[in-house]
Number of protein chains: 2
Amino acid sequence: MPEDDRLSRVFAALADPTRRDIVARLAVGDATVGELAEPYDVTVQAVSKHLKVLGDAGLVSRSRDAQRRPCHLEAEVFDLMTKWIERYRQQAEERFRRLDALLASIDEESGDGTDGTDDRPAGNDQTGAAS
Amino acid sequence: MPEDDRLSRVFAALADPTRRDIVARLAVGDATVGELAEPYDVTVQAVSKHLKVLGDAGLVSRSRDAQRRPCHLEAEVFDLMTKWIERYRQQAEERFRRLDALLASIDEESGDGTDGTDDRPAGNDQTGAAS
DNA sequence: CTCATTGACAACCATACGGTTGAATAAGGA
DNA sequence: TCCTTATTCAACCGTATGGTTGTCAATGAG
């Protein structure tokens, strides 16, 4: 499966409060569909659907114990999200730092505010760069 | 806004590849709607909708520069996600460690495999615990 | 003032989503 | 064997989503 697709599934799966709640419960310990359904006032079928979504996203795996199909949380998928998030957070924070440095340098040489624009660090001139 | 709702919006916003791509571009630098729309073969209106979703999730903010409405990435929202993810990842990993310790302790006293069930660490007996 | 640019809003369409009910499958227990 | 439990599958319903086209508001340039 394409990694992009997988990321989409994971994010979409966690966009639902009930499914996040299920993940929270599974973090405590494995559980069956019936057990997971109990706290909510929805049918077992609905929870089964939620579990299918979580399963397709790779967040939970199922095993078999007689008629039961216990659900198990697969924590490693979280790494995929964390990696994605951290990447852009760091990028954004880096950009913020650069802007901060720019403002500081402008502040330093206050009095001849005519050529300060040349101090702009290269690489963040996205605005206005496109045709 | 309820935090749960906010989290849902953020996850839902990032569940779309185009919107993740937009976030990636904004991490490099602010941009206008038109600039953001260019790489994709969808209309500007569609991108505007995407930006509304990202805005409602608190992921991007808008300012005004003449007719233009530059988009700016708000990195702090990532913290909300990271916190949620780390919480359950750590819980799941902790549970994994406990299971590992259990298996190790069982392995140690191999030979009298009759009462090993009492060695189960407390707190992870979710399965079968619900009434 | 008039026009071009930038972007948002409204209405519409097809599809996906979360939920339901009802029936089917799988596995034990009487 | 028949019945109960646990879970899924199938069909349906209302609403949300991502996309389109068309129109309108805001602003700057001629």
Side-chain angles (χ1 to χ4, degrees), chain A residues 4-23 25-26 30-57 59-72 126-131, chain B residues 4-23 25-26 30-57 59-72 126-131:
Chain A
D4 207 52
D5 208 48
R6 187 175 184 85
L7 207 44
S8 293
R9 285 172 198 257
V10 175
F11 277 124
L14 294 179
D16 186 281
T18 303
R19 283 194 295 258
R20 280 201 307 279
D21 224 56
I22 289 175
V23 167
R25 284 175 62 89
L26 288 178
D30 295 3
T32 67
V33 179
E35 286 161 9
L36 288 171
E38 204 145 2
Y40 314 104
D41 55 351
V42 297
T43 59
V44 180
Q45 289 95 317
V47 173
S48 185
K49 274 194 185 179
H50 281 309
L51 285 168
K52 175 156 175 45
V53 174
L54 289 167
D56 289 346
L59 277 159
V60 313
S61 59
R62 317 291 302 271
S63 50
R64 193 167 256 297
D65 166 32
Q67 314 104 312
R68 262 148 269 121
R69 311 274 317 271
C71 307
H72 175 79
Q126 191 68 20
T127 305
S131 71
Chain B
D4 206 53
D5 208 47
R6 188 173 183 85
L7 208 44
S8 293
R9 285 173 198 258
V10 175
F11 277 124
L14 295 178
D16 186 283
T18 303
R19 284 195 293 258
R20 280 202 307 280
D21 225 56
I22 288 175
V23 167
R25 284 175 62 88
L26 288 179
D30 295 1
T32 67
V33 178
E35 287 161 10
L36 289 170
E38 203 146 5
Y40 314 103
D41 55 351
V42 298
T43 59
V44 179
Q45 287 95 321
V47 174
S48 186
K49 274 194 184 180
H50 281 309
L51 285 169
K52 174 155 176 45
V53 174
L54 289 167
D56 289 347
L59 278 159
V60 313
S61 60
R62 318 290 302 272
S63 51
R64 190 166 257 296
D65 167 32
Q67 314 103 313
R68 263 147 269 119
R69 311 273 317 271
C71 307
H72 174 79
Q126 191 68 18
T127 305
S131 68

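Throughout, a chain's letter reflects where its sequence line sits, starting with A, and its residues are numbered from 1. Keep in mind the model is a prediction, meaning the values are calculated, not measured. All values below were derived from every heavy atom in this structure, side-chain atoms included, with hydrogens, water molecules and symmetry-related copies excluded.
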Length of the line joining A:Asp56:CG and C:dA16:P, which is rounded to integer Å: 14 Å

Ignoring hydrogens and angles, answer whether the base of C:dG22 and the side-chain atoms of A:Gln45 contain a donor-acceptor pair closer than 3.5 Å. yes

Which comes earlier along DNA chain C counting from the 5' end, the contact point of A:Arg64 or that of A:His50, where each point is its nearest nucleotide? A:His50

Please confirm whether the shortest side-chain N or O distance from B:Arg69 to OP1 or OP2 of D:dT27 is below 4.0 Å. no

In this structure, how many angstroms lie between the C1' atom of C:dA8 and the CG atom of B:Leu54, rounded? 16 Å

A:Asp21 versus A:Tyr40, closest heavy-atom pair with distance: OD2-OH, 2.8 Å

Which residue, A:Asp16 or A:Gln67, contacts DNA chain C at a nucleotide closer to its 5' end, judged by nearest heavy atom? A:Asp16

Under 4.0 Å between a side-chain N or O of B:Ser48 and OP1 or OP2 of C:dA8? yes

Taking only N and O in the side chain of B:Arg62, is any of them less than 4.0 Å away from OP1 or OP2 of C:dG7? no

For the student: nearest non-hydrogen atoms of B:Cys71 and B:Leu26, plus distance: O-CD2, 3.6 Å

Note, B:Thr32 side chain near B:Asp65 side chain (heavy atom, < 4.5 Å): no

For residues B:Val53 and B:Asp16, determine if any side-chain heavy atom of one lies less than 4.5 Å from a side-chain heavy atom of the other. no

Of all the choices, C:dG28, D:dT20, D:dT8, which nucleotide is nearest to the side chain of A:Ala66 once you look at every atom? C:dG28

For B:Leu51 and B:Arg62, which heavy atoms make the closest approach, and how far apart are they? CB-NH1, 4.1 Å

With heavy atoms under 4.0 Å as the rule, sort A:Val33 into base, sugar-phosphate or nothing. sugar-phosphate

N/O (side chain, B:Arg19) to phosphate O (OP1/OP2, D:dG18) under 4.0 Å: yes

Looking only at side-chain N and O atoms, does B:Thr32 come under 4.0 Å of OP1 or OP2 in C:dG7? yes

B:Lys52 NZ to C:dC9 P, straight-line distance once rounded to whole Å: 7 Å

What nucleotide among D:dT8, D:dA11, D:dG18 has an atom nearest to a side-chain atom of A:Lys49? D:dA11

